[in-house]
Amino acid sequence: MKLIKVVGSSMQPHYRDGDYVLVSPYHASAPRVGDDVVCRHPSIGVVIKRIAKVSERQIFFQAVNRLGMSPEALGWVSRKAIIGRVRKRIAKPL
C-alpha cells in the first residue's frame, strides 16, 4: 500500500486538498468502472480520478467535480499508467 497526498480540488467532495489516500495496486482484479484510482497521466502527472470506461488497454475518467478537468480533456489513459486503487481516505485535520 502507498500513502499519497491529495493536491487540488478536482475530486471534491470525495477527496479534498490536503487529504491522504491509501492506494493498493491491482493484483488479481482488473480496474472497473466506478473505481477511484491514482495514475500517472502522460501530460498532467499523478492524478486521482474515477473510472468511467474500461477497454482492453485503456481507461477513461468521469468528472466528479464539475469545476475540474473534463473527461474529454483527460482523454484515454493506458492501464499501465495506473498506480493503484484508492482503498481509504484519510481526511486532513481541521
Open item on the list: Looking at Tyr20, I'd like to know if its OH atom is crowded, meaning that more than 12 non-hydrogen atoms belonging to other residues, nucleotides or ligands lie closer than 6.0 Å.
Closed with: no
TODO: Report whether Phe61 and Ile44 are members of the same hydrophobic cluster (ILVMFWY, side-chain heavy atoms less than 4.5 Å apart, transitive linking).
DONE: yes
Open item on the list: Check this for me: Arg32, atom CZ, are more than 12 non-hydrogen atoms of other residues, nucleotides or ligands nearer than 6.0 Å?
Closed with: no
Open item on the list: Is any side-chain heavy atom of His14 closer than 4.5 Å to one of Val64?
Closed with: yes
Task: From Ile59 atom CD1 to Ile51 atom CD1, the distance as rounded to the nearest 0.5 Å - done: 4.5 Å
Task: Tyr26 and Arg85: CA distance, side-chain angles, deciding distance, side-chain contact (heavy atoms from CB on, under 4.5 Å) verdict - done: CA-CA 7 Å; Tyr26 284 100; Arg85 180 177 174 211; 3.6 Å; yes
Task: Same apolar cluster: Met11 and Val6, side chain cutoff 4.5 Å - done: yes
Task: Min side-chain heavy-atom separation Leu74-His41 under 4.5 Å - done: yes
TODO: Taking the side chain as every heavy atom from C-beta outward, state whether Leu22 and Ile90 have any atom pair closer than 4.5 Å.
DONE: yes
Open item on the list: Contact between Arg40 and Lys80 at the side-chain level, heavy atoms closer than 4.5 Å - yes or no?
Closed with: no
Task: Worked verdict on Val21 versus Tyr15 for side-chain contact (heavy atoms from CB on, under 4.5 Å) - done: CA-CA 8 Å; Val21 290; Tyr15 310 101; 3.6 Å; yes
Task: Side chain proximity check, Lys49 to Ser10, heavy atoms < 4.5 angstrom - done: yes
- [ ] Please check if the side chain of Ser55 supplies one atom and the backbone of Gln58 the other of a donor-acceptor pair under 3.5 Å.
- [x] yes
- [ ] Quick one: do Lys88 and Val23 satisfy side-chain contact (heavy atoms from CB on, under 4.5 Å)? Show the steps, please.
- [x] CA-CA 7 Å; Lys88 183 174 183 168; Val23 177; over 6 Å; no
Open item on the list: Evaluate Val77 against Cys39 for side-chain contact (heavy atoms from CB on, under 4.5 Å), listing each step before the verdict.
Closed with: CA-CA 9 Å; Val77 177; Cys39 79; 4.3 Å; yes
Task: Heavy-atom pair with the smallest gap, counting every atom of Val54 and Arg79 - done: CG1-NH2, 2.7 Å
Open item on the list: As a quick check of understanding, evaluate salt bridge (Lys or Arg N to Asp or Glu O under 4.0 Å) for Arg89 and Asp19, giving each step before the final call.
Closed with: CA-CA 7 Å; Arg89 172 183 165 244; Asp19 287 350; 2.6 Å; yes
Task: Nearest-0.5 Å distance that lies between atom CZ in Arg57 and atom CH2 in Trp76 - done: 13.5 Å
TODO: Can you spot which of Ile82, Val47, Ile83 makes a side-chain contact (heavy atoms from CB on, under 4.5 Å) with Val38?
DONE: Ile83
